[in-house]
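The structure appears below as structure tokens.
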Amino acid sequence: MNHSWSSLAALPLTMRWWRIPILVVVLAGVWAAVLGVAAAEDRAEDRATADRATLDVVYNPFALYSRAGDAAEGGEGSGGVDSAAEPTGYAIDILKALAAELGLTLRFHRAANPGEALQAIAAGEGDVHPHLSPSAERRATVQFTDPIDTIRIALYTRAARPGQARLDDLSGMRLGFTAGSINAQVARDFPEAIHVPYADSERLFFALARGDIDAALYPSRAFRELSRLLGTAGHYTAIGAPVREIPLALAVSNRRPALRDELDRALRSLRASPAFA
């Protein structure tokens, strides 16, 4: 640096002065670049803070469980979507209570089925699913909180279907289930049946109604509530007792490793309150 300045001083006066504006412009440009980088870093930090304060919730319909009616003859209800196009139901109520406790904002995204929802979370397009059944396969993709509820999976058939189906003999029966759901895993317990996957719960339900399949694996409370809403409650019957009882938990993206622990702490606090009962 000293050599550069001495070289500049050795130049004739007229040659020295015309270089000063160039030096000022260069320094100004450097300073602007420094300020721009700092501003960009501040904006990125602000976005990161906002992202941490927002939960992108990926959900699938006809599985948003409510406990309404559980005390009365074992009835079980399911949630739906309210007029603001947000999902409703017991699992959503729990998630909203946890978010309020943690100061988080929820942003909802609908998926056709649990498998599609898991793919979205694995791809970084979501942070949490409000109600999934833990399994070894799913734990490779997401983390799970402590359980928030349990579901019972049953086989349903049309009441008018000829013949009597038995759980111990489903040979040749077309057994429908939702692709990517826990029902798809339960279907493996019936290898003698003809497995027919459907993209979502609605298609599965109406396939059973049309007779495209002989039986459907379905969460019992969601099936009964959907039948009630459609006025077809007497059109179907369960084949025996529920075949599996499975815990439900919140599924959390592996990209947010601390979030699962935060949700669990809030869940323990909520579980001790009357609101959880």
In this structure, CG of Asp189 is separated from CG of Leu155 (nearest 0.5 Å) by 10.0 Å
Is the closest side-chain heavy-atom distance between Ile148 and Leu95 below 4.5 Å? no
Among the clusters formed by ILVMFWY side chains lying less than 4.5 Å apart, do Val58 and Ile94 turn up in the same one? no
In terms of the angle between their ring planes, are Phe205 and Phe223 parallel, tilted or perpendicular, with boundaries placed at 30° and 60°? tilted
Looking only at heavy atoms, the pair that brings Gln143 and Asn254 closest together is CG-OD1, 3.1 Å
Between Arg255 and Asp127, does any NZ, NE, NH1 or NH2 come within less than 4.0 Å of an OD or OE carboxylate oxygen? no
Dump the intermediate steps for salt bridge (Lys or Arg N to Asp or Glu O under 4.0 Å) on Asp212 and Arg174, then the final yes or no. CA-CA 8 Å; Asp212 296 342; Arg174 296 162 297 171; over 6 Å; no
Quick one, Leu175 with Val196, criterion side chain to side chain contact (heavy atoms under 4.5 Å, CB included). Give me CA distance, side-chain angles, the key distance, then yes/no. CA-CA 6 Å; Leu175 178 60; Val196 186; over 6 Å; no
Electrostatic pair Glu137-Arg188, nearest N-O below 4.0 angstrom: yes
Can a donor-acceptor pair be found, under 3.5 Å and without considering hydrogens, that links the side chain of Arg260 to the backbone of Phe144? yes
Quick one: which residue pairs count as a side chain to side chain donor-acceptor pair (under 3.5 Å) with a foot in residues 226-241, not counting sequence neighbours? Glu225-Arg228
Let's go through Arg268 and Asp146 carefully: what are the C-alpha distance in whole Å and the side-chain angles of both, what is the deciding distance for side chain to side chain contact (heavy atoms under 4.5 Å, CB included) to 0.1 Å, and is it a yes or a no? CA-CA 9 Å; Arg268 285 191 288 270; Asp146 293 337; 3.7 Å; yes
Should Ile121 and Thr141 count as side-chain neighbours, where that means a heavy-atom distance under 4.5 Å? no
Which heavy atom of Arg158 sits nearest a heavy atom of Ala209, and at what distance? CD-O, 3.9 Å
Can you find a heavy atom in the side chain of Tyr198 that is under 4.5 Å from one in the side chain of Thr178? no
Check: Asp149/His131 side-chain N/O donor and acceptor closer than 3.5 Å: no
Starting from Val142, can I reach Leu263 by hopping between I/L/V/M/F/W/Y residues whose side chains sit under 4.5 Å apart? no
Taking all heavy atoms of Ala251 and all of Leu132, pick out the closest pair and write down the distance. CB-CD1, 3.7 Å
Flag the pair Arg203 and Asp200 as a salt bridge only when some basic side-chain nitrogen lies within less than 4.0 angstrom of an acidic carboxylate oxygen. yes
Looking at side-chain heavy atoms only, is the closest gap between Thr145 and Val252 below 4.5 Å? yes
What do the steps show when you test Asp56 against His109 for side chain to side chain contact (heavy atoms under 4.5 Å, CB included), and what is the final call? CA-CA 7 Å; Asp56 283 300; His109 311 271; 2.8 Å; yes
One pair to check against side chain to side chain contact (heavy atoms under 4.5 Å, CB included): Ser133 and Gln185. What are the steps and the verdict? CA-CA 11 Å; Ser133 303; Gln185 298 180 31; over 6 Å; no
Spacing of Ile213 atom CD1 and Thr157 atom OG1 [to the nearest 0.5 Å]: 9.0 Å
What I'd like to find out is whether the side chain of Tyr218 reaches to under 4.5 Å of the side chain of Arg224, using heavy atoms alone. no
Residue set satisfying salt bridge (Lys or Arg N to Asp or Glu O under 4.0 Å) with Asp169, at least two apart, ordered chain then number -> none
Please report the interatomic distance CG(Leu270) to CZ(Arg265), rounded to the nearest 0.5 Å. 15.0 Å
Is any side-chain heavy atom of Arg152 closer than 4.5 Å to a side-chain heavy atom of Pro219? no
Approximate separation, where rounding is to 0.5 Å, of Arg244 CZ and Asn183 CG: 9.5 Å
Min side-chain heavy-atom separation Ser253-Val128 under 4.5 Å: no
Say you draw a straight line from CG of Leu204 to CG of Asn113; how long is it, rounded to the nearest 0.5 Å? 11.0 Å
Ring centres under 6.0 angstrom apart (His129, Tyr59): no
Arg161 bridged to Asp214 by N-O distance under 4.0 Å: yes
Linking I/L/V/M/F/W/Y whenever their side-chain heavy atoms sit closer than 4.5 Å, directly or via other members, would Val57 and Tyr90 fall into one cluster? yes
Taking atom CD of Glu262 and atom CG of Leu102, what is their separation to the nearest 0.5 Å? 6.0 Å
Return the minimal non-hydrogen interatomic distance between Gly180 and Pro114, and the atom names on each side. O-CB, 3.6 Å
Considering all heavy atoms of both residues, which atom of Ala91 and which atom of Pro130 are nearest to each other, and what is their separation? CB-O, 3.7 Å
Does Leu106 reach the side chain of Phe108, with side-chain heavy atoms less than 4.5 Å apart? yes
Check Glu116 against Ala111 and note the closest heavy-atom contact, atom names and distance. OE2-CA, 3.4 Å
